[in-house]
Amino acid sequence: MIYKVIFFCFLMLFSGCQNEAQKNEYTPLYSTNPPLSKQTVYIFGVHPLHNPKRLFEVYGPMVDYINAHLTGAELRLEASRDYPSFDKKLVAKHFDLALPNPYQTVMAADNGYKIFAKMGDDQNFRGIILVRKDSDINTIADLKGKTISYPAPTALAATMMPQWYLYEHGIDVTKDVKNSYVGSQESSIMNVYLGKSAAAATWPPPWKAFIKERPEVAKEVMIKWETSSMLNNGLIARKDVPVAIVEQVSEIITTLHTHEEGRKILEAMELSHYEKADDKTYQPVREFLKKFKTQIRPIKDNT
Amino acid sequence: MKGIFSFFRLSFREQLIYGIGLLLTLLLSVFIYIQTTNDSTFLRERGLSIASDHSHVLSSMVKVWVMSNDYIGLEEALENFSDYDDLVFATVINMDGKVIAHTDKSIIGKYVADERSIAFLRQAQIDKEYDEEIFRNGYNIDVMRVIHNAGHHIGFVHLRFDQHSRAAQILNRIYQGVGFGILYLILTVLMLYLIVNTFSRQLTSLLETMKKVHGGDKSVKADEEGYNELSKLSHEFNIMLDSIALGERRLKEVKERLEYAINGTQDGLWDWDVETNEVYFSPRWKEMLGYADDELPSTFKTWEERVHPDDLEHAKQSIKYSLEKPGRFYEVIHRLQHKDGSWVWILARGMTIFNEEGKAIRMVGFHTDITKQKLLEQELFEKEEMMIAQSRHVAMGEMIGMIAHQWRQPITVIAMGANNMLADIALESVDIENFKQQSQQILQQTQYLSKTIDDFRTFFRSDKEKSEVKLIDIFQEAEQIIGKSLENYNIDLVIVDNSNEVILTYSRELLQVVLNLLKNAKEALETSKPDNPYIHVTIESFSDRIVTSVSDNGGGIEGNILERIFEPYFSTKDVKTGTGLGLYMSKTIIEKHLHGIIQASNSNNGACFTVTLPKFFKEESPHG
């Protein structure tokens, strides 16, 4: 009897050793075909005027709105880490539809895309140059030998137009100053705030957004100079995208300001409306670029 | 069940080892089971928790790259994860089900095709709240987590973690637990075995010692080695043995002393257990009655059957009296029948022992053989009887002398009368009137003689029964006898009776004493010849006694002989008049027969004898 009990106890002792080994039941499988058969998805790329998160916050509602009213297809918003990346995607015709800056708009228009609309408020499409309020930069000449931060070399309003402005005011941007292309509008502003650059170039919409989001930083910085205005960002579609889709999207976007829901969407973009446009609309930009290329520097992504 | 009972039949040592060992094994098993279960649960949960955390981190990291469809960013993000040892794979899938990043780069660009992934994707498209799915998969933990952005699902991550190392860890914990448990058990049982063995050895040693002691070997001692409680117990046991030995020695001494004392007194011990009615009779007790030690049963009946029928009732009464209350001793004289049929006189003495409730439980005492004393007493009694008879004979002689003295005058008168009548007849001068007168005188004298004969006859009558008498009557009777003799010496006998009470006594013996006292007084007065010789008798009555004093003015008794006058054959008188037995006999009669006291003293000018007699006295039984 004693031995039976001892045996039982040892049995209990080892009962803790449960069998951990189990069969591998599941292995993921992959194929070259999409798993879900659904309506066509068109990628809608927006140039990185904000970081991707912010970009989705600002443009996500518009894409949702378009999808809610678009028949036969669906748009998917896609951000890009920076302008070069966006440019690459654009060059590779990765996007079906895109919202590039005016420079990219005209470049894309020459590379398989067509312009079907643009952002309104062209008066706001100008460059601004920010300095710290406690800065000793008073005249443009004071910038000589200093660093100026820009979002990207190909950013029209935020980079090229300020550089043209400086050029017009006697600064040889290739020689007199050090140009720092920091990747985004917010980075450009933060650089001047942190003293890494003497001045920062950007344009009004991101600046307004920045004032809202980082007022404590924004109050240390002020607009020193403003450029003249230019055509705003364009909306383009790859030429193989069905016209019906492009027209639907164009119609939806350009009528946003006509209703409350649309106005709310536009408000987040610091924009009053979108308007229809075509290749000709951007002729002034082409001219500016030509002038810029010949007199200032070649336009290429050097980051 | 049988097994359980058999356990309780095991020795104390086996019970301890098996019992505690079993209990420990059971407790340890439960403890290890709980511990290892907790450990494995913890580790498993931890595996799940880590997998979930990693999926969180990855989904956050890749969010912007998914938004940007940025392969480089995704690649960088996954590279950070590939360092994690347990990671089997990590993949990022967009909402089309397209693999946009994978630790295995060859899969990038493909679409998920398994049911689980597709189901997850579908659910993620439908359910905005859908977040995570985590599941075990053999040795793997798979976790799928939706990538959220601003209320949109923009893809999901799928990570797989290998749990082999964790399983090994769990198993290791279990083995450690079990190993430790077994080691602990072995050490504990070993320790237990050693302790119990030591304990058992000491206990067995103590038990053996006890057995030897029980077997009569008082010289053995228990093993006191060690410092534990058993050693102390053994030590105390040895002290107890010493005390017992000392006690036994003392007891033996006391017993021997008692035996010597009992043997010395030749008394027989008896010890009666009142409740069981068993009686212990000592060998001497039985020997008194002529029996050997094994001849009489130890019962109350043994005694009861042998008590003399005349004594039995009284003896039982005495026993009853002693049993009633503490403090009453039992003492009685009775006869027991000897084996040869003769009677043995026994003085029985004893005491009763009572319990706490006051109930008599035991009676212990001795029998003393007093047959010899009784025979001596009898002999003495007979001697005394003889002496009394002897003294009575002396008294009779004296009486006869007195009779002769008293008779002389009447006989002279009778003779003279008869002579006168004969002379008248011879002279023929008979006168009838003179004859008549002479005859009446002779008759009168004859009657007087007859009366004195009656008096003396009464004196010589022996006492068989007690009778009620007044002391004054005894004295008057004595006066009748001795009165003439006193008159001859002009001794004035004055009897004053202040009692007038009747006592129950042997009147003849009392008369003998009174006569003796009066005679002694008369003889003293004869010798001293005072001017007005007298004998004064006073009878006084008290509550329980009557005191009589006989005093004279005969000069008293000399101081140096006052104490000896009651001794036998002691006399101050010359041989012709004294036998030396008178006062001795008087004392014997008063004290032994009549239970009184006789004392002698000197008064103003003579002796005074005081006799104190009880008004009533109870005759003692011949044996008591």
Side-chain angles (χ1 to χ4, degrees), chain A residues 1-36 38 41 43 45-46 48 51-61 63-64 67 74 76-82 85-86 88-89 94-95, chain B residues 2-4 6-7 18 21-22 25-26 28-30 32-33 35-37 40 63-65 67-70 72-73 89 91 95-99 107 110-114 116-118 121-122 125 135-140 142 149-152 158 160 163 167 170-171 174-175 177-178 181-182:
Chain A
M1 197 279 295
I2 300 292
Y3 299 105
K4 277 182 193 170
V5 176
I6 290 171
F7 176 72
F8 169 75
C9 289
F10 273 97
L11 211 63
M12 275 197 71
L13 205 66
F14 284 100
S15 63
C17 323
Q18 290 175 347
N19 189 10
E20 288 289 321
Q22 290 167 17
K23 295 282 177 199
N24 229 11
E25 293 162 349
Y26 163 63
T27 310
L29 300 172
Y30 303 98
S31 88
T32 49
N33 300 318
L36 309 170
K38 52 178 276 184
V41 173
I43 295 169
V46 177
N51 64 50
K53 189 170 176 289
R54 173 79 183 140
L55 191 89
F56 266 71
E57 281 168 11
V58 174
Y59 289 90
V63 174
D64 289 344
N67 284 337
E74 187 188 321
R76 178 170 304 136
L77 181 61
E78 185 173 311
S80 298
R81 68 159 68 189
D82 49 22
S85 167
F86 182 80
K88 274 182 195 168
K89 288 179 188 173
H94 170 71
F95 301 122
Chain B
K2 198 178 166 189
I4 291 169
S6 71
F7 173 77
Y18 290 148
L22 210 63
T25 311
L26 200 68
L28 205 65
S29 303
V30 172
I32 291 170
Y33 176 79
Q35 199 60 34
T36 51
T37 307
S40 6
K63 186 192 279 183
V64 291
W65 309 130
M67 288 176 191
S68 316
N69 202 11
D70 190 316
I72 297 166
F89 67 79
T91 180
M95 292 307 283
D96 292 333
K98 188 179 177 184
V99 177
I107 298 169
K110 289 181 179 172
Y111 291 92
V112 292
D114 60 277
R116 199 149 203 163
S117 298
I118 293 167
L121 193 62
R122 275 212 184 92
Q125 283 175 343
F135 55 92
R136 287 178 182 290
N137 180 30
Y139 273 110
N140 297 326
D142 278 48
N149 184 59
H152 289 79
H158 181 181
R160 170 169 289 180
Q163 296 296 294
I170 291 171
L171 212 60
I174 292 166
Y175 288 147
V178 171
I182 291 169

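Lettering follows sequence order; numbering is per chain, from 1. Hydrogens, waters and symmetry mates play no part in the numbers below; they use all other heavy atoms, side chains included. Since the model is a prediction, treat every value here as computed from it, not as a measurement.
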Looking at A/Pro28, A/Pro61, A/Ser80, which makes the most heavy-atom pairs under 4.5 Å with chain B?
->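 Sorted descending by pairs with chain B, the first entry is A/Pro28.
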Would you mind telling me which of [options] has the largest number of heavy-atom pairs within less than 4.5 Å of chain A?
options                             : value
B/Thr91, B/Ile107, B/Val99          : B/Ile107
B/Met67, B/Arg122, B/Gln35, B/Lys63 : B/Met67
B/Gln163, B/Lys98, B/His158         : B/His158

Could you pull out the closest heavy-atom pair between [X] and [Y], with the gap in Å?
X        : Y        : answer
B/Arg160 : A/Tyr26  : NH2-O, 2.6 Å
B/Tyr111 : A/Thr32  : CD1-O, 3.3 Å
A/Lys53  : B/Asn149 : CG-OD1, 4.2 Å

Are any non-hydrogen side-chain atoms of A/Val41 and B/Met95 less than 4.5 angstrom apart?
->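 No, side chains not in contact.
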Heavy atoms, side chains only, cut-off 4.5 Å: are A/Pro35 and B/Val112 in contact?
->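 In contact.
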Atom pair CZ/CD1 of A/Arg81 and B/Ile72 - distance to nearest 0.5 Å =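 Result: 5.5 Å between the selected atoms.
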To the nearest 0.5 Å, what is the distance between CG (B/Asp96) and CD1 (A/Ile43)?
->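 Interatomic distance, B/Asp96 CG to A/Ile43 CD1, rounded to 0.5 Å: 8.0 Å.
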A/Leu55 portion near chain B, given a 4.5 angstrom heavy-atom threshold =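 The answer is neither part of A/Leu55.
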Could you look at A/Asp64 and say if it's the side chain, the backbone, both or neither that has a heavy atom under 4.5 Å from chain B?
->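 The answer is the side chain of A/Asp64.
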Measure from the side-chain N and O atoms of B/Asp114 to the backbone N and O of A/Leu29, and report whether any donor-acceptor pair falls under 3.5 Å.
->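 Checked: pair present.
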Start with the C-alpha gap between A/Leu77 and B/His152, add the side-chain angles, then the distance that decides, and say whether side-chain contact (heavy atoms from CB on, under 4.5 Å) holds.
-> CA-CA 11 Å; A/Leu77 181 61; B/His152 289 79; over 6 Å; no
